[in-house]
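What follows is a single structure, written as structure tokens, with notes after it.
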Amino acid sequence: MKKKIAVLTGAGISAESGIKTFRDSGGLWEEHRIEDVASPEGWRRNPQLVLDFYNQRRRQLLQVAPNRAHYALAELESKYSVTIITQNVDDLHERAGSTQVIHLHGELLKARSVLNEHCIVPCHSDIKLGDKAPDGAQLRPHIVWFGEAVPEIENAIPKVREADIFIIIGTSLVVYPAAGLVNYARYEARKWLIDPNDTPMPLVPNLRFIQQKATVGVDMLVKQLLADV
Ligand code: OAD
């Protein structure tokens with residue numbers, strides 16, 4: 001039976017594809033206020049501003065491509081059972097070939113009804129005020145905003161619990177409940193964190209730190225893991 005790998009990714013894995021992270025210098029949260037563009041209150045106050053923000057993100061996503069780190073994780077599936085748990089709303093893991101991806105914070109290429117979080121449609125172009133979901137209500141981005149529930153966490157927890165190997169890539173681990181996933185990894189699981197910066201290490205036993213950019217660090221680790229079996 002294939003060993004199980006759970007991978008938790010954040011904005012850092014897509015940085016080298018040209019998508020800005022949130023909290024690095026020059027990151028998205030320096031230019032935009034979270035409460036304006038990523039909260040239900042912001043949506044109620046100024047939905048046009050929120051739509052503009054995500055329309056811009058979506059247009060950019062359609063112009064970038066997966067990088068070596070996304071492809072390397074997809075290659076792991078040849079010898080391991082791999083689940084990617086991502087905080088990212090891009091589709092770069094899927095485009096690189098990963099087949100099991102849990103999106104904790106939603107997906108830019110989907111939109112949903114403001115009245116029903118299960119009424120979801122594909123979305124590859126701008127959302128405008130007046131655009132309607134199948135239930136007749138206004139469409140909004142299928143993104144989990146601050147203050148909203150994170151239903152996919154329930155699917156992610158067992159994947160981390162079951163994992164023989166747990167890899168964390170490019171996340172500041174400050175947003176919960178995603179950051180809390182690290183606490184579900186088994187004591188015996190082999191664990192790595194990959195980040196080029198001196199990021200605070202979570203208090204997790206046996207966690208090894210690879211201080212590299214994702215394209216370099218993930219490629220190195222994946223080669224090693226593929227050689228192990
Ligand atoms: P952050 O912007 O908070 O953190 C990005 C992390 O990536 C940092 O630890 C960087 O050091 C690291 N990093 C930068 N360049 C990298 C590279 N080339 N390779 C690897 N790592 C690199 O992003 P997240 O932790 O993903 O949520 O943020 C979590 C959530 O906060 C996001 O999903 C988003 C945001 O608000 C919502 O919008 C709901």
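Numbering of ligands and ligand atoms starts at 1, following listing order.
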Protein heavy-atom partner closest to [atom] - residue, atom, separation in Å:
atom: atom 5 (C) of ligand 1; answer: Gly170 O, 3.8 Å
atom: atom 28 (O) of ligand 1; answer: Arg23 NH1, 3.1 Å
atom: atom 19 (N) of ligand 1; answer: Ala214 N, 2.9 Å
atom: atom 27 (O) of ligand 1; answer: His105 ND1, 3.4 Å
atom: atom 21 (N) of ligand 1; answer: Pro196 CD, 3.2 Å
atom: atom 32 (C) of ligand 1; answer: Phe22 CE1, 3.4 Å
atom: atom 36 (O) of ligand 1; answer: Trp29 NE1, 2.8 Å

- prompt: Which is closest to atom 14 (C) of ligand 1 in terms of heavy atoms, Asp195, Val175, Asp24, Leu8?
  reply: Asp24
Is the closest N or O pair between [X] and ligand 1 shorter than 3.5 Å?
X: Ile194; value: no
X: Gln212; value: no
X: Ala11; value: yes
X: Glu16; value: yes
X: Gly12; value: yes
X: Thr171; value: yes
X: Asn88; value: no

May I ask you to identify, for [X], whether its side chain, its backbone, both or neither come under 4.0 Å of ligand 1 on a heavy-atom basis?
X: Gln87; value: both
X: Ser172; value: both
X: Val144; value: backbone
X: Trp145; value: neither

Go through the side-chain N and O atoms of [X] and [Y] and say whether any donor and acceptor fall under 3.5 Å apart.
X: Gln224; Y: Asp228; value: no
X: Ser14; Y: Asp90; value: yes
X: Thr9; Y: Gln87; value: no

Counting from 1, what ligand 1 atoms have a heavy atom of [X] closer than 4.0 Å?
X: Asn197; answer: 10 (C), 11 (O)
X: Lys213; answer: 18 (N), 19 (N)
X: Gly10; answer: 26 (O)

message: Checking Phe22 now: which residues fulfil ring-ring contact (aromatic ring centres under 6.0 Å, His included) with it, not counting sequence neighbours?
response: Trp29
Test ring-ring contact (aromatic ring centres under 6.0 Å, His included) applied to His32 - qualifying residues, sequence neighbours left out: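 Once residues adjacent in sequence are excluded, the partners of His32 under the ring-ring contact (aromatic ring centres under 6.0 Å, His included) criterion are Phe53.
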Does any N or O in the side chain of [X] come within less than 3.5 Å of the main-chain N or O of [Y], such that one atom is a donor and the other an acceptor?
X: Asp195; Y: Gln212; value: no
X: Glu30; Y: Ser25; value: no
X: Arg95; Y: Ser98; value: no
X: Ser17; Y: Ala65; value: yes

Salt bridge (charged side-chain N to carboxylate O under 4.0 Å, His left out) evaluation trace for Asp91 with Lys110: CA-CA 10 Å; Asp91 65 337; Lys110 292 183 180 167; over 6 Å; no
field: Criterion side chain to side chain donor-acceptor pair (under 3.5 Å) against Asp126, the qualifying member of Arg59, Arg58, Gln56
entry: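 When side chain to side chain donor-acceptor pair (under 3.5 Å) is applied between Asp126 and each of Arg59, Arg58, Gln56, only Arg59 qualifies.
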field: Of Arg112, His103, Glu117, the residue whose pairing with His142 passes side chain to side chain contact (heavy atoms under 4.5 Å, CB included)
entry: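 Looking at Arg112, His103, Glu117, the match for His142 under the side chain to side chain contact (heavy atoms under 4.5 Å, CB included) is Arg112.
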message: salt bridge (charged side-chain N to carboxylate O under 4.0 Å, His left out) for Arg186 and Asp164? Distances and angles first, verdict last.
response: CA-CA 8 Å; Arg186 287 189 296 126; Asp164 303 293; 3.1 Å; yes
